[in-house]
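Note sheet for the following structure.
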Amino acid sequence: MALLSIKHVFKKSWQQLIAAATLAALAGTAHSAPYEWNYPAPVKTPSAANDNGKVVIFDVSHGGTEGNADWVIDGAFSDFADALVNAGYTVHEYRGEDKNNDGIIQFVDDYTNPSAAASAANEAVITSAGISHADVLVLAESNRPFTQAELTVLENFIAAGKGIFFVADHYNADRNLNSWDATEVFNGYNRSNLSQFNVGGAYGDLRNTGNANVGWLAENFGIRFRFNAVDWKPGASGIVSTSQSEDITNGVTPVLMAGGATLAITDPTRAKGLVYFSASDNPVRWNHAVDSGLYFGGMDEGPYVAIAKSGIGKAAFIGDSSPIEDITPRYRRQDNGNTKTTYPGWTDTGNAAQLSLNIIDWLATPETYTHFNTTAHPAGIATPNPMATEELTDPDNGQPWSTPSGGCNPWDDSTFANGAYGAQNPVGGASSSSSSSSSSSSTSSSSGGAPSGSAVSVGDALALSVGTPVTVTGVVTQAINGEYALEIADAANSANTIFIKLESQYRAAFSPQNNPAILGETLEITGKRDNYMSAPSVEYVTDMFVVQAGLSVTDALALPNGTDVTVVGEITQAVNGEYALEMADLNNASSTILVKLESQYRADFSPQNNPAVLGETLLVTGTRDTYTSLPSIEYVTDMQLQASSSGGSSGGSSGGGTTCGSGNAVSVSTAYSASMGTPLVVIGEVQSGINNPYALELADLNSTSTVYVKLESDQRAYFSPANNPSILGKVIEVTGTRDLYMSYPSLESVSQLVEQSNCN
């Protein structure tokens, strides 16, 4: 099978699109055809002397690159892939099967518009021809359900004595917001039992039956993924002995869980756990869970890592990608084109590196026994309650946890931002076959961002040959050639300088002639090493941004205790009353760290004492430590709030402000007009219930503007008008993020709701 590029198609004739692409390619040579930048799919091979003759395939035909996920062998799973190559495996990325031999993989939407023709045309599918040469298939956070035909292919793959490694995450890790996450995809049914999930066509009935023994995973492997969301970064330490684990736990230490799921064993002769929560572990509800998150605790929560036999074939399961991933993502986010931030799990304390290698070795080794029911292959332990009461229904009522932003449609690649997996064009626009700069605009911003970690110094960039791709960081010193370029200097040696040629979309924000405030700022720039005006330069720039002062939360988590740090992040909640706060990574809300507050900081920075700081960006200097058994920053010497991104008025009767509530609260009218993704504190009057009991309508105190407020599960008892009619007409303060709910302006990810008494 050829290794191919990928193309997604939505509600269009795929034959017409092929013809259109062909005509576009013939029309001129200024730009390459769309998708060619993403060709071919990567393959990694061991040396001839080290080749063990076995093949591992990582599937991305059904997702794994949505949101901040980047589970590809040349991205944030590259450490995993490289370790397999070092162990002698050949590693492929699998994108689908090129049925019409046109050199691109086409995704035709046969889910939202099911038909036999669409399914026949869809090439982003798992087929026997596509995977039969592999010994092991890795399914990492698949975010689109499998058709019945694909499930049969997977069953046949197992029946041939092969192995599958299922890597899931917490419930609602619905990264592309299509109402499916990996726990649901792998189980073979959605958490919801609504009729909309009786899809029909190639998919059949995908509704939750409420029976732990029913579903593709349970019926074939005697196990299911729970719909929980659990946090225990110190690591699940209940590791079973090698004699009980087929020797897979040899050399394995506690495995971290940074918001993940466990599994439930329904047939212990076919499935058994490898890693559990021990009696000394103290797992907690992940702070973004939509329900209680942690159902039973301890071993009753079910295994975090497990294996299964199905005939002579094998399977393995883990409930979180965090202990496997690394910090080298390749692709951009589909919704906004932002650089992804992934977790340094492969090398962090609590990594699953040895465990993953052991699992692949076990999966790749054919064995003829069919059950765990002998002394040599002992049975597992049945999970006491394999489907908790909370798992019988969907707290999101069949909807994604949030509405896709920026006009992104998870079923339509024409809406994907440049540089995303499946998008037509690379970062910055269409691929160019000439030396001219790209004519496509890209999103540029002078606002701060976390450094990528892959940037080199100006001195190192100067040593590179012309044409070498480079990401460089340096301090802006002056404008060059008017608005058309700038100079940056090495932060460590100002004598080393290099020119940056500015594409048109970057000149307003980054040219010192147009924006003198950029002078002295540190930039990170991605482009190609070149010469401009006979001086060393970086050109064909695809991304540039001001580097935010301080480490990201994710980078701080990777440092050992005792390290002095300055870290930037978003304040998300109070911890232990007024004594600490939680801070999230600016690019990955699931990556969090605690900040222990010295007495002099508690009045201003404790969310308990000053709720207005929730959602603010904080720069904190202190020492990396552990607080209440979780990663922290302590012995704090400095704390500063960074400039707010909301742009809202801080009160008063003008500028869209309000005369009650917190000092930084804004009106509903201001919230209605705010950009998607803006953190806000909003004052308004509860006008009605919406999608009872899941949301409410909030009205402006001085105009006819309204927004919806999506309620978290623990907020519905009091603030939902369906549950508590007395809340109607009350003035409340809402802390959340501007979004869209049911296609209407909304506040979501709500962290706080406070009834007001000073607004009448």
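Every heavy atom of this structure was used, including side-chain atoms; hydrogens, water molecules and symmetry mates were not. Note that the structure is a prediction, hence the values are computed from the model and not measured. Note that the numbering runs from 1 along the sequence shown for the chain.
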Can you find a pair of side-chain heavy atoms, one from [X] and one from [Y], that are under 4.5 Å apart?
X: N385; Y: F296; answer: yes
X: F197; Y: W180; answer: yes
X: P303; Y: T383; answer: yes
X: K162; Y: L137; answer: no
X: R330; Y: S78; answer: no
X: I381; Y: P268; answer: no
X: N143; Y: V185; answer: no

**Request:** Check A306 against L263 and note the closest heavy-atom contact, atom names and distance.
**Result:**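 In this case the closest contact between A306 and L263 is CB-CD1, 4.3 Å.
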
**Asked** Do you know the tightest heavy-atom contact between R95 and I105?
**Response**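 Result for this residue pair: O-CG2, 3.5 Å.
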
**Item:** CG-OG distance between L139 and S61, expressed to the nearest 0.5 angstrom
**Value:**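 Rounded to the nearest 0.5 Å, the CG-OG separation comes to 8.0 Å.
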
Distance only, no hydrogens: is a donor on one side chain within 3.5 Å (strictly under) of an acceptor on the other, for [X] and [Y]?
X: T554; Y: D585; value: yes
X: S322; Y: D320; value: yes
X: D300; Y: Y295; value: no
X: T342; Y: E325; value: no
X: E301; Y: N228; value: yes
X: N588; Y: T341; value: no

Quick one: does [X]'s side chain have a donor or acceptor within less than 3.5 Å of a partner on [Y]'s backbone?
X: N50; Y: N86; answer: yes
X: K314; Y: T365; answer: yes
X: D231; Y: G259; answer: yes
X: N122; Y: V108; answer: yes
X: E184; Y: N190; answer: no
X: T147; Y: E150; answer: yes
X: T127; Y: G130; answer: yes

**Prompt:** Taking the six-membered ring for Trp, is the centroid-to-centroid distance between H288 and H170 below 6.0 Å?
**Reply:**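 No: the rings miss the under 6.0 Å criterion.
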
**Ring center gap for W216 and F221 short of 6.0 angstrom** =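 Ring-ring flag for W216/F221: true, centres closer than 6.0 Å.
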
**Item:** D291 and R191 ion-paired at < 4.0 Å
**Value:**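 Yes, this pair counts.
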
**Message:** Salt bridge or not between E367 and K309? Use side-chain N to carboxylate O under 4.0 Å.
**Reply:**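 K309 and E367: not salt-bridged.
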
**Whether Y111 and W411 hold their rings parallel, tilted or perpendicular, with breakpoints at 30° and 60°** =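 Because their plane-to-plane angle is under 30°, the rings of Y111 and W411 count as parallel.
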
**Message:** With ring pair (Phe, Tyr, Trp, His ring centres under 6.0 Å) as the test, pick out the partner of Y331 among F416, W71, Y421.
**Reply:**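 Only one of F416, W71, Y421 forms a ring pair (Phe, Tyr, Trp, His ring centres under 6.0 Å) with Y331, namely Y421.
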
**Item:** Sole candidate of F80, Y94, F165 that passes ring pair (Phe, Tyr, Trp, His ring centres under 6.0 Å) when paired with F58
**Value:**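 It is F80, the one option of F80, Y94, F165 that forms the ring pair (Phe, Tyr, Trp, His ring centres under 6.0 Å) with F58.
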
**Message:** With salt bridge (Lys or Arg N to Asp or Glu O under 4.0 Å) as the rule and sequence neighbours excluded, what pairs involving residues 40-57 come up?
**Reply:**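 Residue pairs passing salt bridge (Lys or Arg N to Asp or Glu O under 4.0 Å), neighbours aside: K44-D82.
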
**Request:** Please step through ring-ring contact (aromatic ring centres under 6.0 Å, His included) for the pair W232 and F277, ending with a clear verdict.
**Result:** CA-CA 9 Å; W232 185 235; F277 296 125; 7.7 Å; no

**Prompt:** Does the side-chain contact (heavy atoms from CB on, under 4.5 Å) test come out yes or no for D247 and W362, once each step is laid out?
**Reply:** CA-CA 9 Å; D247 207 38; W362 181 74; over 6 Å; no

**Request:** Apply the test salt bridge (charged side-chain N to carboxylate O under 4.0 Å, His left out) to residues E391 and R224: give CA-CA distance (whole Å), side-chain angles for both, the deciding distance (0.1 Å), then the verdict.
**Result:** CA-CA 12 Å; E391 299 180 89; R224 62 173 293 270; 3.0 Å; yes

**Message:** Before you tell me yes or no, could you show the steps for N172 and D396 under side-chain hydrogen bond (donor to acceptor under 3.5 Å, both in side chains), namely the whole-Å CA-CA distance, both residues' side-chain angles and the distance that decides it to 0.1 Å?
**Reply:** CA-CA 9 Å; N172 243 354; D396 290 322; 2.7 Å; yes

**Prompt:** Residues in side-chain contact (heavy atoms from CB on, under 4.5 Å) with T368, at least two apart?
**Reply:**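 So T368 forms no side-chain contact (heavy atoms from CB on, under 4.5 Å) with any residue.
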
**Item:** Partners meeting salt bridge (Lys or Arg N to Asp or Glu O under 4.0 Å) with E66 (sequence neighbours left out)
**Value:**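 E66: no salt bridge (Lys or Arg N to Asp or Glu O under 4.0 Å) contacts found.
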
